J.: 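Mind looking over this structure? Questions follow.
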Amino acid sequence: MDDKEIGTEEQQRYREQQQKQFYASFIDRNTPSHAGGEQASLPGPDQYDRPKMNAAQQVFLEQFQQYCSTLDAHIERMPQPDLSNCKVDYVQMLNREQLAAVTWNTGPLLVIAGAGTGKTWVICCRTAYLIEQGIPPEQILLLTFTRKAAREMIDRTAVLLQSSGSTADIHGGTFHGFANHMLRRYADLIGIDRNYTILDSIDSQDVISLIRDEMKITRKKGSPVPKSSVISTVISRARSCDITIKEVILKEYDYLEPYCEDIRMISTIFREYKQSHRQMDYDDLLEVFYHALKTHGQFRKKVNSIYRYIIIDEFQDTNLIQGKLVELLAGEEKQVMAVGDDAQSIYAFRGARHENILRFPAVFPECGIIKIQQNYRSSREILAYTNRIIESMVFGYRKILSSEIPGDQKPEVRRFFYQQDEASWICSRIEQIREKGTELSRIAVLFRSQYLSNYIQAEMLKRRIPFTVYGGLKFVERRHIKDMLAYLRIALNSLDAAAWNRILRLLPDIGTVRASLVIQTIMQNGGTFSSSSFSGYSFSSRLKELEVLLSTLRNDTMPLQDRILKLKQYYLPLMKTHCSDYLSRIPDLDVLAVLGGSGDSLEVFLSDLALDPPGSTFQEAEYGEEGQKEHVVLSTIHSAKGLEWDHVFIAAMLDGVFPDARSLLNIEELEEERRMFYVACTRAKRELVLTFPSYIQSYSRYFSLPSRFLSENRKDLFRFFIEEREQKIHYL
DNA sequence: AGGTATTTAGTTTTT
DNA sequence: CTAAATACCT
């Protein structure tokens, strides 16, 4: 015990030693001799190692440029708008390019809409225009990134049309949601089982965890057996990027190399498991739907005749299979309109191909292309800065956005000492902005990754500034909600072994071994569960209770909300023993019940939760002061896509943090980071502030060089400040 | 043997 | 903070 104490003490001392050395090193390098105030020095762009392009990438770049010129060639063709019979005054509300997109009436159309150019508005007007032209609303399909986005567009279209047409019948949602809807509706026609359940990423992890444990994989070369979450990520990435598991591992997870074969095996078993247990994950939904459309002519004709007009938003984020789906959905009539911006493609890690945009003319040779470059969001000063980011893109389709909005300041870049200083300054600035009468909801702080928001969160709690975190743990990903949902899933599909595993292990006297014994018995009986088979065990009475609960949950005559409340009664004592903070979790259970009160069937309820989970947790209100409804938004850049704020702060602009260290070696990944930077900066309407502390330490590495993205921009486009720390540094 | 408590190591981005 | 490994109970 004494040894241990000394050991940790030594570790502590060692760590402090390291820190001192580190501070000394960076103060040498980075602290200017003159203190505080406005400076004009950032490292030059040549101080960063740029990744080299390999042969394949070189070829790709040439191809890319060819695509770009094809695109430009198509742009020549501008249609003559036909505005007869229109009650809505489109000319009044739209600029020339927007009007052309809205009134396009000769087949496929690609709209390249830069950031803040009124893309959503164009889609709304387009929809309204189609309806005014006599197209029945139910023939229009609106594919967007989230269902919320679809809902918003449909609502705005309704306002536009007022009484002249009904938008209630427009179908809209994500690719996944649409695939799910079609598969269930036409399950009989295409010959699949309608009663599948959808696995979200956590569910997949649970299943993979089960499979892995059953395989009894032994440790190799001292490295621990990979976590189920990592295995799940690898498998899913291989699929959505259409590459082999080995390639994913070599590229991104080289420390998993010894387990390559095991993971491949798990992947195979996982696939079989999903089939035999009537389950589909996100990738399956798209793949099965695509396959059905491709091979089943009757089904394809049916779908094509229902949805004759397809509008796709955020086209740059579609992956390979979604791109192909668009082709099939367009059908013979090819009344398809794709809207996107290749400069804002930030989902390559999950298979998105921004080339989909550039290949559009190859898929639809007779298509029209319209480029919208008038920006209505950001001030001129901000736009000048973001235009420069586009210029520095290697794989970038050229566009120059222009804005007529006058601004009063150039973007600012500010350096701080500690992350705490950065957080503190941002909060002070936010307080100033609020005092000038700006609502907090017009302010956002953005980060490359979630963990970077910790200091700001702490500071805001301290200063009692109300805030909302976007992209945090999802409501449905919280443990107790997962547990509740597991009961409901079993009620629907009693073959769901992962859900069984989850709930059985909540019971006392049941651990890994007995849980799998029970599950095995259930599976052998084809999913029927009878507690009597386990009368010899100490836990049989518990199983009896469970049996009663499940039959209640299956009772379709009882409203879903009431069933969930029954479940809550059952689950509450279990939660008490498993969660130390169970009191604070109780409100979540009621939230779930409320969600279940929308009148949907259990099946629809579960699908909706898996495909379109409610945003972050419902704890927002807790942070706010009494009666205060306005919140500052703290968000990852990914979650901020499509949104805008008057004042935007982007924190932690350090090379290695943003751009992420892992992407520094590969030019394509670095380009993705750059597009993220572009997305982040273009969220700002009036004020853009980029900040960084002098270092950030994460695991054993530290980063202390300003982000290269800051250095790449022209110095006359922003102002640079160094904020000195008031107190002396206590380590020196 | 099997369940439960404690330590310990590892962390991007998400439909 | 969370999942896996280990240690320690019944």
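Side-chain atoms are counted along with the backbone in the values below, which use heavy atoms only and exclude waters and symmetry mates. All values derive from a computational prediction rather than experimental measurement. In what follows, chains carry the letters A, B, and so on, assigned in the order in which the sequence lines appear, proteins first and then strands, with residues in each chain numbered from 1.
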J.: List in chain and number order the residues that pass side-chain hydrogen bond (donor to acceptor under 3.5 Å, both in side chains) with A:E672, two or more places apart in sequence or in another chain; answer none if no residue qualifies.
T.: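 Residues passing side-chain hydrogen bond (donor to acceptor under 3.5 Å, both in side chains) with A:E672: A:R675.
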
J.: Taking any heavy-atom pair under 4.0 Å as a contact, classify A:Y255: base, sugar-phosphate, or nothing.
T.: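 A:Y255: backbone/sugar contact only, no base atoms under 4.0 Å.
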
J.: Find the distance A:L452:CG to C:dC1:C1' and express it as a whole number of Å.
T.: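 Whole-Å distance recorded here is 15 Å.
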
J.: Only counting residues at least two apart or in another chain, list the ones meeting ring pair (Phe, Tyr, Trp, His ring centres under 6.0 Å) with A:F692.
T.: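 By the ring pair (Phe, Tyr, Trp, His ring centres under 6.0 Å) rule, A:F692 matches no residue at all.
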
J.: Would you please name every residue forming a salt bridge (Lys or Arg N to Asp or Glu O under 4.0 Å) with A:D281, sequence neighbours left out?
T.: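 Here the qualifying residues are A:R239, A:K274.
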
J.: By side-chain hydrogen bond (donor to acceptor under 3.5 Å, both in side chains), which residues pair with A:D313, not counting sequence neighbours?
T.: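 Per chain and number, A:D313 pairs via side-chain hydrogen bond (donor to acceptor under 3.5 Å, both in side chains) with A:K119.
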
J.: Run A:H638 and A:Y470 through ring-ring contact (aromatic ring centres under 6.0 Å, His included) and show every step you take.
T.: CA-CA 10 Å; A:H638 283 92; A:Y470 282 16; over 10 Å; no

J.: Going by the rule salt bridge (Lys or Arg N to Asp or Glu O under 4.0 Å), which residues pair with A:E673 if we only count those two or more places apart in sequence or in a different chain?
T.: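 Result, salt bridge (Lys or Arg N to Asp or Glu O under 4.0 Å) vs A:E673: A:R448.
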
J.: Give every pair of a protein N or O atom and an N or O atom of nucleotides 2-4 of chain B that lie under 3.5 Å apart, one pair per line with the distance.
T.:
{"from": "B:dG3", "atom 1": "OP1", "to": "A:G511", "atom 2": "N", "distance (Å)": "3.2"}
{"from": "B:dG3", "atom 1": "OP1", "to": "A:R514", "atom 2": "N", "distance (Å)": "3.2"}
{"from": "B:dG3", "atom 1": "O5'", "to": "A:G511", "atom 2": "N", "distance (Å)": "3.3"}
{"from": "B:dT4", "atom 1": "OP1", "to": "A:D509", "atom 2": "N", "distance (Å)": "3.3"}

J.: Is the shortest side-chain N/O distance from A:R478 to OP1 or OP2 of C:dC1 below 4.0 Å?
T.: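 Answer no for this pair, as no side-chain N or O of A:R478 is under 4.0 Å from OP1 or OP2.
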
J.: Mind checking what makes side-chain hydrogen bond (donor to acceptor under 3.5 Å, both in side chains) contact with A:Y290, not counting sequence neighbours?
T.: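 side-chain hydrogen bond (donor to acceptor under 3.5 Å, both in side chains) check on A:Y290 returns nothing, list empty.
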
J.: Could you work out, with ring pair (Phe, Tyr, Trp, His ring centres under 6.0 Å) as the rule, every residue matching A:H480, not counting sequence neighbours?
T.: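 Testing A:H480 for ring pair (Phe, Tyr, Trp, His ring centres under 6.0 Å), a comparison that skips the adjacent residues, returns none.
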
J.: Quick one: A:K251 NZ to B:dT12 P, roughly how many Å, whole number?
T.: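 After rounding, the gap between these two atoms is 17 Å.
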
J.: What salt bridge (charged side-chain N to carboxylate O under 4.0 Å, His left out) pairs are there with at least one residue in residues 227-238 of chain A, not counting sequence neighbours?
T.: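 Residue pairs passing salt bridge (charged side-chain N to carboxylate O under 4.0 Å, His left out), neighbours aside: A:R237-A:E252.
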
J.: Produce the list of close N/O pairs, under 3.5 Å, pairing protein atoms with atoms of nucleotides 13-15 of chain B; give distances to one decimal.
T.:
{"from": "B:dT13", "atom 1": "OP1", "to": "A:Q450", "atom 2": "N", "distance (Å)": "3.1"}
{"from": "B:dT13", "atom 1": "O4'", "to": "A:R448", "atom 2": "NH2", "distance (Å)": "3.4"}
{"from": "B:dT13", "atom 1": "O2", "to": "A:R448", "atom 2": "NH2", "distance (Å)": "2.6"}
{"from": "B:dT14", "atom 1": "OP1", "to": "A:T636", "atom 2": "OG1", "distance (Å)": "3.1"}
{"from": "B:dT14", "atom 1": "OP1", "to": "A:S639", "atom 2": "OG", "distance (Å)": "3.0"}
{"from": "B:dT15", "atom 1": "OP2", "to": "A:K474", "atom 2": "NZ", "distance (Å)": "2.9"}
{"from": "B:dT15", "atom 1": "O4'", "to": "A:R350", "atom 2": "NH1", "distance (Å)": "3.2"}
{"from": "B:dT15", "atom 1": "O4'", "to": "A:R350", "atom 2": "NH2", "distance (Å)": "3.4"}
{"from": "B:dT15", "atom 1": "O3'", "to": "A:F145", "atom 2": "O", "distance (Å)": "3.2"}
{"from": "B:dT15", "atom 1": "O2", "to": "A:H176", "atom 2": "NE2", "distance (Å)": "3.2"}

J.: Over how many whole Å does the gap from A:K641 atom NZ to B:dT12 atom P extend?
T.: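 In whole Å, B:dT12 P lies 21 Å from A:K641 NZ.
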
J.: Less than 3.5 Å apart, which donor and acceptor atoms pair up between the side chains of residues 503-519 of chain A and the rest of the protein, not counting sequence neighbours?
T.:
{"from": "A:D509", "atom 1": "OD2", "to": "A:S538", "atom 2": "OG", "distance (Å)": "3.3"}
{"from": "A:R514", "atom 1": "NH1", "to": "A:D509", "atom 2": "O", "distance (Å)": "2.9"}
{"from": "A:S516", "atom 1": "OG", "to": "A:V513", "atom 2": "O", "distance (Å)": "3.0"}

J.: Only one of A:F709, A:F447, A:F703 forms a ring pair (Phe, Tyr, Trp, His ring centres under 6.0 Å) with A:F658, so which one is it?
T.: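 Filter result, single survivor: A:F709.
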
J.: For the pair made of NZ in A:K227 and P in B:dT8, what is the distance, rounded to whole Å?
T.: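 Those two atoms, NZ and P, are 17 Å apart.
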
J.: Tell me the interatomic distance from A:I202, atom CD1, to C:dA3, atom C1', rounded to whole angstroms.
T.: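 It works out to 12 Å between those atoms.
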
J.: What does the B/S/- profile of nucleotides 5-10 of chain C look like, 5' to 3', with a 4.0 Å heavy-atom cutoff to protein?
T.: S-----

J.: Rounded to whole Å, please give me the gap between CZ in A:R662 and P in B:dG10.
T.: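 Spelled out: CZ on A:R662 to P on B:dG10 is 13 Å.
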
